[in-house]
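Since the structure comes first, as structure tokens, the remarks are kept for the end.
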Amino acid sequence: MLDSKLIRETPEVVRAAIAKKHLEIDLDAILAIDASWRAQLQEVEALRSTQKGANSAMAALPKGSPEFAAKVAEMKAVSSQVKERDARLKETEERFRTAMLSVPNLPHASVPDGRTPEDNVVFSLHGAHDEPRPHALPHWEIPGFDRLFDFARGAKVTGAGFPFLVGDGARLARALLQFFLEEGSKAGYVEVSPPIFVNAASATATGQLPDKEGQMYETTPDHLYAVPTAEVPLTNFFRDEILDESVLPVYRCAYTPCFRREAGSYGKEVRGLNRVHQFDKVELLKWVHPATSYDELDKLREDAERLLQKLQLPYRVLLMCGGDLGFAQAKKYDLEVWAAGQKRWLEVSSCSNFEAFQARRAQIRFRSKESGRTELVHTINGSGLAVGRVQAAILENNLESDGRVRIPEVLVPYFGRAHLSFQ
RNA sequence: GGAGAGGUGGCUGAGUGGUCGAUAGCGGCGCUUUGCUAAAGCGUUGUAGGGGUUUAAAUCCCUACCGGGGGUUCGAAUCCCCCCCUCUCCGCCA
């Protein structure tokens with residue numbers, strides 16, 4: 001959510017920023033609702049003030065007196081007016097809130113112009129992704145893959161896109177998680193194990209609701225949502241709190257399984273581990289002082305990149321253009337790992353600065369030492385990393401002539417062996 | 001799941017229909033006293049929205065907020081209803 005003052009006072013700035021995201025928002029309609037809200041608010045507040053004044057006067061009067069009775073009669077009219085206008089005011093307020101929730105975050109000045117994924121800028125390129133790998137296969141075609149990643153039985157037990165990980169498949173996932181969390185701790189992120197169901201208020205604060213409702217699994221009868229990413233419970237940790245400035249920046253990391261309905265996905269995009277309904281991920285998250293948020297975003301991106309470097313996987317960093325930025329992001333980098341068998345890039349991390357967009361919805365503030373006032377923090381997050389697709393990349397890039405997969409050196413202590421076997 | 005007790009400001013804790021945004025204590029901040037520390041005394045102390053003034057801020061005015069939502073009433077922290085959460089006992093259980 002944006003600051004309503006920003007829209008009120010500099011609508012042209014907001015208009016230009018929204019255009020950069022290639023979205024259509026009727027700002028004039030929002031401004032009109034805002035104007036009528038303020039007019040209604042002043043009316044109601046004036047009536048309330050009258051009520052309060054009368055109340056003080058009545059407190060001093062004897063209860064049975066004619067003056068008292070007269071006041072009661074007089075105030076009855078005011079009371080019914082307040083009720084009626086307050087109801088209208090609340091209605092307007094709700095309309096305004098709904099309209100404001102439809103306004104996207106503004107892209108940062110450093111975000112490149114562009115409309116589609118093709119317009120994203122390749123920010124950096126690492127490793128030799130174009131080096132020939134004669135044994136490479138799409139991971140789902142590797143002999144024995146189905147034994148370690150059992151999609152058929154997962155489909156029987158739950159549904160499509162819920163694979164069982166068996167034997168070395170499960171072992172590789174666990175090794176990666178352990179590695180990611182250890183590296184996160186070393187980089188200063190305090191490990192958190194959050195709830196994996198959240199309520200509607202939390203999902204709204206991080207922006208999943210209302211616009212991405214169909215992407216989450218919802219439970220009955222309690223109406224809790226299975227988290228699509230640890231970002232949701234983690235960001236909400238400090239919801240409705242005022243932090244001491246001295247605790248900033250706060251670094252946290254968390255592993256959770258992530259649940260995504262992925263309605264509408266199809267084809268090659270979703271083969272094998274490319275896109276599943278449940279996958280493991282470690283999320284990195286920061287709450288920072290607004291003045292430092294872009295430096296902190298770069299540092300977080302580097303923390304995520306380091307994981308791919310240590311795993312010795314070829315990858316690239318994309319700087320997302322305005323049109324491919326998410327609704328809530330002010331700036332976003334995607335980390336994409338090279339999958340040598342499929343000969344394509346797979347997104348394994350998305351590192352974003354939300355500025356105050358999430359913090360305003362979630363009311364996460366700090367008390368500024370300088371001004372003594374409360375200010376919204378900036379939130380930054382990114383995967384560090386998504387396990388399923390990193391697994392896919394390891395299987396495809398490290399497949400050897402004997403049909404085994406070489407485990408990256410840094411992972412050997414966690415995995416326990418130097419090779420993964422499909423037997 | 002059953003029964004009971006609760007939820008008030010940063011914390012503890014008063015307040016059962018009317019000048020209550022709310023007694024008091026602690027903590028925080030400021031000042032005074034003091035060689036320093038400690039202690040004492042005095043003062044101060046939340047959040048949000050709107051308006052006015054201003055280059056802006058501060059100040060000023062108004063309104064809301066006593067877990068959340070609704071109701072009763074001229075008037076609700078206080079009475080009624082629903083929901084959430086915490087604690088105690090019982091039941092169940094990894």
Side-chain angles (χ1 to χ4, degrees), chain A residues 1-10 30-101 193-205 209 218-225 233 236-248 257 290 356 359-377:
Chain A
M1 196 148 56
L2 289 181
D3 189 348
S4 51
K5 280 193 189 121
L6 193 67
I7 294 184
R8 195 181 297 155
E9 285 159 19
T10 55
I30 295 174
L31 286 168
I33 300 172
D34 179 52
S36 91
W37 171 73
R38 275 185 293 164
Q40 290 177 35
L41 180 67
Q42 282 169 44
E43 252 183 15
V44 169
E45 288 190 347
L47 288 169
R48 286 238 171 84
S49 188
T50 309
Q51 276 186 314
K52 275 186 105 168
N55 197 30
S56 309
M58 288 168 81
L61 290 172
K63 277 253 164 64
S65 68
E67 294 93 334
F68 191 90
K71 274 278 182 200
V72 169
E74 187 189 331
M75 283 302 115
K76 267 192 183 180
V78 176
S79 177
S80 67
Q81 252 188 0
V82 168
K83 251 175 215 163
E84 182 208 316
R85 300 206 179 175
D86 192 47
R88 263 188 19 218
L89 176 68
K90 282 203 171 129
E91 208 177 287
T92 308
E93 227 161 46
E94 195 44 48
R95 278 204 297 145
F96 185 65
R97 194 183 130 77
T98 306
M100 285 301 291
L101 284 176
S193 179
I196 61 170
F197 291 97
V198 295
N199 56 33
S202 297
T204 306
L209 294 178
E218 187 181 356
T219 67
T220 43
D222 297 310
H223 299 292
L224 297 174
Y225 296 89
N236 278 280
F237 187 90
F238 291 121
R239 174 147 58 86
D240 296 322
E241 294 190 29
I242 298 172
L243 306 174
D244 197 295
E245 184 174 352
S246 64
V247 308
L248 298 179
R360 183 170 294 104
R361 287 192 183 194
Q363 285 298 299
I364 304 170
R365 293 170 289 173
F366 69 97
R367 190 170 298 284
S368 162
K369 279 204 192 82
E370 202 184 329
S371 67
R373 302 158 67 82
T374 58
E375 271 183 65
L376 294 161
V377 301

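All values reported here derive from a predicted model rather than from experimental measurement. Every heavy atom of this structure was used, including side-chain atoms; hydrogens, water molecules and symmetry mates were not. Letters A, B, ... are given to chains in the order of the sequence lines, protein chains preceding strands, and every chain is numbered from 1.
To the nearest 0.5 angstrom, A:Thr92 atom OG1 is 10.5 Å from A:Leu41 atom CG. Rounded to the nearest 0.5 angstrom, A:Trp37 CH2 and A:Gln42 CD are separated by 9.5 Å. Atoms CD and CG, from A:Gln40 and A:Asp86 in turn, are 10.0 Å apart once rounded to the nearest 0.5 Å. The line from CG of A:Asp34 to CD1 of A:Ile7 is 8.5 Å long, rounded to the nearest 0.5 Å. Rounding to the nearest 0.5 angstrom, the gap separating the CD atom in A:Glu94 from the CD1 atom in A:Ile33 is 11.0 Å.
Spacing between atom CZ of A:Arg360 and atom P of B:G49 amounts to 10 Å, rounded to whole angstrom units. As a whole-Å value, the separation of A:Met58 CE from B:C20 C1' is 17 Å. A straight line from CG of A:Asp34 to P of B:G49 spans 13 Å, rounded to a whole angstrom. For the pair A:Glu375 CD and B:U47 C1', the interatomic distance rounds to 16 Å; values are reported in whole Å. Between the P atom of B:A56 and the CD atom of A:Glu9 lies a distance of 10 Å, rounded to the nearest Å. Separating the NZ atom of A:Lys90 from the C1' atom of B:G68 is a distance of 12 Å, rounded to the nearest angstrom. Counting to the nearest Å, the P atom of B:U72 and the NZ atom of A:Lys76 are 13 Å from each other. Rounded to a whole Å, the CD atom of A:Gln51 is 13 Å from the C1' atom of B:G18.
Listed pair A:Thr374 / B:U47 fails the phosphate criterion, with no side-chain N or O lying under 4.0 Å from OP1 or OP2.
Toward the 5' end of RNA chain B, the nearer of the two residues A:Ser4 and A:Ala54, judged by each one's closest nucleotide, is A:Ala54.
Minimum atom distance to the side chain of A:Lys5 is reached by B:G50, of the listed B:G50, B:C74, B:U47. Checking B:U19, B:G50, B:G70 against the side-chain heavy atoms of A:Ser56 singles out B:U19 as nearest. The A:Lys83 side chain lies nearest to B:U73 when the options are B:U47, B:U73, B:C74. The side chain of A:Ala59 lies closest to B:G18 when the candidates are B:U47, B:G18, B:G50. Checked against B:U47, B:G75, B:G51, the side chain of A:Arg367 finds its nearest nucleotide in B:U47.
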Watson-Crick and G-U pairing of RNA chain B written in dot-bracket, each distance under 3.5 angstrom, with | for inter-strand partners: ((((((((.[[[..)..(.....]]]((((((.......))))))((((((........)))))).[[[[[..)....]]]]])))))))....
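Every residue was checked against the salt bridge (Lys or Arg N to Asp or Glu O under 4.0 Å) condition with A:Arg239, not counting sequence neighbours, and none meets it. A search for salt bridge (Lys or Arg N to Asp or Glu O under 4.0 Å) contacts involving A:Arg95 returns nothing, not counting sequence neighbours. Remark: A:Arg367 pairs with no residue by the salt bridge (Lys or Arg N to Asp or Glu O under 4.0 Å) rule, at least two apart or across chains. A:Glu93 pairs by the salt bridge (Lys or Arg N to Asp or Glu O under 4.0 Å) definition with nothing, not counting sequence neighbours. Shown here are the side-chain contact (heavy atoms from CB on, under 4.5 Å) partners of A:Thr10, two or more places apart in sequence or in another chain: A:Leu6, A:Glu12, A:Val13. Here A:Phe238 pairs with A:Trp287 under the ring pair (Phe, Tyr, Trp, His ring centres under 6.0 Å) rule; sequence neighbours left out. The side-chain hydrogen bond (donor to acceptor under 3.5 Å, both in side chains) search around A:Glu45 returns none, not counting sequence neighbours.
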Base versus backbone protein contacts along nucleotides 57-65 of chain B [heavy-atom cut-off under 4.0 Å; B, S, -]: -S---BBS-
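For RNA chain B, the neighbouring residues in residues 62-75 of chain A, judged by any heavy atom under 4.0 Å, are A:Lys63, A:Phe68, A:Val72, A:Met75.
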Between the protein and nucleotides 80-87 of chain B, which nitrogen or oxygen pairs are less than 3.5 angstrom apart?
none

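Nucleotides B:C29 and B:G46, compared at atom P, are 15 Å apart to the nearest Å.
Only one option out of A:Ile196, A:Asn199, A:Leu209, A:Thr219 pairs with A:Tyr225 in a side chain to side chain contact (heavy atoms under 4.5 Å, CB included); it is A:Leu209.
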Side-chain donor-acceptor contacts of residues 55-79 of chain A below 3.5 Å, not counting sequence neighbours, with atom names and distances?
residue : atom : partner : partner atom : Å
A:Ser56 : OG   : A:Lys52 : O            : 3.2
A:Ser65 : OG   : A:Pro62 : O            : 2.8
A:Ser65 : OG   : A:Phe68 : N            : 3.2

